[in-house]
Amino acid sequence: QANQFFGSGHTNNWAVLVCTSRFWFNYRHVANTLSVYRSVKRLGIPDSHIVLMLADDMACNHRNPKPATVFSHKNMELNVYGDDVEVDYRGYEVTVENFLRVLTGRLPPSTPRSKRLLSDDRSNILIYMTGHGGNGFLKFQDSEEISNVELADAFEQMWQKRRQVQYSELLFIIDTCQGASMYERFYSPNVMALASSQVGEDSLSHQPDLAIGVHLMDRYTFYLLEFLEDIHPASQANMNDLFKVCPKSLCVSTPGHRTDLFQRDPRNVLITDFFGSVRKVEITTETVKLIPNITEKDEKLTEELMLTEPQKYVEQIPVAEIIHQKPKQKDWHPPDGFILGLWTLIILVFFKTYGIKHLKHIF
Amino acid sequence: MNMAAVAAGGFERHCHEKRRGRNAALSVAAIAIVVGLPLWWKTTETYRASLPYSQISELDTLRLQLTVELEVVFSKGSLTAEQQKTAQLQQSREVEHLLNSKTELRYKYETKYRTATVMEDDALRLESVEAADVSLSKLNESPSGSLVIYVIPETSALLPQGVSVYVGKHRTALLRTLQDKRAKLGDVLRGLQPDIQRVVETMSFSNGDIKAALSDRVPVRKLGKESLADSMRTFKSSPGYEITFSLLNPDPKSHDVHWDIEGAVESYIQPLLSKLSGVANFSVDSQILYYAILGVTPRYDSTVSSYTLNTESLPHVINPVEARLGSNAASSHPVLNFLLYVPDYPHSPLYIKDRGGDKVPTNAFHSPRWGGIMVYNVNETYTDPPRLPVHISIDMVRVMEVFLAQLRLLLGVQQPHAPADFLLQSPGNEGLTDWELDRLLWVRTVENIATATTTLTSLAQLLDEIGNIVINDNIASEVYSAVTSVQAAIAELEACNLGLAFQASKEATQSSEKAFFDPSLLHLLYFPDDQKFAIYIPLFLPMSVPILLSLLKIASEHRQRRKEPAKID
């Protein structure tokens, strides 16, 4: 039974999906991230193991002609927003600081479980980032940026700390312009990286939808999604197939990848090792012999069931009083500061212009 | 003459002004350099409290000594009168293991030999070995980490045939040995040594266990396959765990299921958790999920005329269910899920088949670092013709036997691979024997010490490398207390105080983790050189250009005046 453990050294999967752009015309970045989210959920990773960061809300944007939807194909074929999406960091919470805090585990103690990356040393982590980028940096929220050195340092800290936020293997995918510059500086072991374009190239978007009015997806993620739709939880496709996604003829930019830090041969790495969550199981063969503790609780239960009354609403709010409420008599208060000040000003101006002798008419 | 005087006065004034200008420029430059530069340096410095870097680097080389106190008691009849005369002895034995250049282990076995007292002999003459074990443990209150081994003669009827060692529920063991009436005491003791070593390895720790606990520092390839599987299966030591028991009822229309989970947890699980309360905090909750389905369709197997799940499809069962399970949002402790699945009426009964195609007797499986699932068949309660809904009261004893075994595996309390002639007493309702707890404590203490030292060294390395992370006083105090706790734990291990050593190691891990994961240690301060220039040039350039130029002018004038001496008329 120990043999089945040695395909890969991981027992659980995590995913961190980040969209860093805001504004309506960056619809495609949110659609990118949600497509990857959808694939990863379909292949088995539960919401409790996914940290989804979306910098802007496209589904409920005022300019969305089809509210509560985010489409990834033109002619509105595929709604990737769905009805069970769980966004952990939304809007202005998506900052470089929060992203690095999630990766390194240095969150304030009051952070709930859903906003934490609780991986251990036997976790495989998938990190997907999309947005606008340049040579060596990625733009967050149109106001700050994360550099490739900071990202490499964050991964190194994850590797150094062998307990709470560590990883067994890490797959980093980035879909931005000049994406390959973001993985140039990695130096931690067991990291594999894919990017949608090389340094000096731009990643292009796929197709606009005339009804919605913006570009719906980026090319690299569009073909990545097409590839992932063919993968099911028991699939045996490996990483070499993933490297072939979106050749230059379709993508216009040249996707790149980096495997020198990865210990296993990419040929032996299954797609489901990162995108899915196939758990290892063992049959339980032993039991512990117990002596039954005879209690009388069982009999009480059956009686309690018979005696429940039909439930009804309790009169909690005196609705009648609220609806027919008369306006309360307001007590007289002396005039407050603003009125006093205003009148003082008027009087002073009057006396300044017309002379102080008029004061005797008042006092 | 007036003109000359005026001209002379003017010239003097000009000289005065020039001198004043020169003094002004010089004093501004002096203030800028003497006062401004140090002020700028001081105010842009980050506050870094001092840390004990030297002590931390000392801790990087781990030299552990584990001391086990053994007491070997010779009962009546196991030694001749001759041998008994000199039987009060004390010996100590050390074994050294060098794992790598930075990790060294030393095991010290301090053995005390003595003969049995009258009360102990009476206890050994009791009817059953369990009763003997109970009364012997009452006579000997051995502290955590120590063992007592009773040597009984071959003729004793306490142990059945073929069994030479009996390990009880507490910290005692009975060893049956061949008697050699002619040998001297020294030879007898030497002959006993391998048996005693086997008992110690079963009840305390073996070299393999400790090496597995240090798997962070020791390369994984050197570990055996079994210990690798063990290390992947058990949860890493954490200050708390959350245990959730869930009842899955996919077919409430046919099955009206009730379970007395509160009583069952109170009777069967709580004793184990209370015994482990020094190790971690446990919180237990339970839930019932209706209309929860398995992600896999069971196949009808005509050979056993029932539905079956085979081993290959088991991994896909967990994921669809996990999304519905939920967990406590407030804590970040690892969660152990135990699911009880009552198959729906069309698919009853449902059996799990192992790789060989046979039915699994427990009908349960578990997933490493996640939890366990048991399938509970209720087809026995169907009447003929079936009257739905069927009222089902779950037999919690059967269920808890399986869940308890899975819980023990996931927490790291494995049954050691004892040799064939050992008889290990099952813990029964207590859930955990004392020596199993000791085993866990030995391994966890070593693991905690290794983790705490790794955390401290990587923290020190990080703070050293990145010069502009602020180190607050609270972080410094946590680091100091972590270093003291690690040193205390190592000292207590040497002195054979296992309980204290474990507490110290737990405090060390907690302090070092608190320091490492403090939210203030965020490294957001990477400035590439061109950005540093871009920040400082607009501030300093407008100020420094006039100063530099005037200094240059003063210098060139000074040189000129030196070259041509003052014109004296």
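A quick note: this is a predicted structure, and the numbers were derived from the prediction, not measured. To find a chain, count down the sequence lines: A is the first, B the second, and so on, and within it residues start at 1.
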Quiz prompt | Charged N-O contact under 4.0 Å between A:Arg279 and B:Glu322 | solution = yes
Quiz item: Of the backbone (N, CA, C, O) and the side chain (C-beta and beyond), which part of B:His316 lies under 4.5 Å from a heavy atom of chain A, both, or neither?
Solution: side chain
Self-check item: B:Asp354: salt bridge (Lys or Arg N to Asp or Glu O under 4.0 Å) partners, not counting sequence neighbours
Solution: none
Self-check item: Residue B:Met400 versus chain A: region with a heavy atom under 4.5 Å
Solution: both
Exercise. Identify, with sequence neighbours excluded, every residue that meets ring-ring contact (aromatic ring centres under 6.0 Å, His included) alongside B:Phe338.
Key: B:Phe245, B:Phe403
Quiz item: Would a 4.5 Å heavy-atom cut-off, applied to side chains only, mark A:Trp159 and A:Asn190 as touching?
Solution: yes
Quiz item: Who among A:Ala234, A:Pro109, A:Ser277 has the most heavy-atom pairs with chain B under 4.5 Å?
Solution: A:Ser277
Quiz item: Relative to chain A, which segment of B:Ile352 carries a heavy atom at a distance below 4.5 Å: side chain, backbone, both, or neither?
Solution: side chain
Quiz item: With only heavy atoms counted, which part of A:Leu290 is less than 4.5 Å from chain B, the side chain, the backbone, both or neither?
Solution: both
Quiz item: Hey, which of A:Ser110, A:Gly276, A:Pro46 has the most heavy atom pairs under 4.5 Å with chain B?
Solution: A:Pro46
Practice problem: Identify which of B:Met374, B:Met396, B:His333, B:Arg398 forms the greatest number of heavy-atom pairs closer than 4.5 Å to chain A. | Solution: B:His333
Quiz item: Would you call A:Glu229 and A:Arg38 a salt bridge, taking side-chain N to carboxylate O under 4.0 Å as the test?
Solution: yes
Practice problem: Using only heavy-atom distances, determine whether the side chains of B:Asp358 and B:Tyr351 contain a donor-acceptor pair under 3.5 Å. | Solution: no
Self-check item: Toward chain A, the part of B:Val402 with a non-hydrogen atom under 4.5 Å
Solution: both
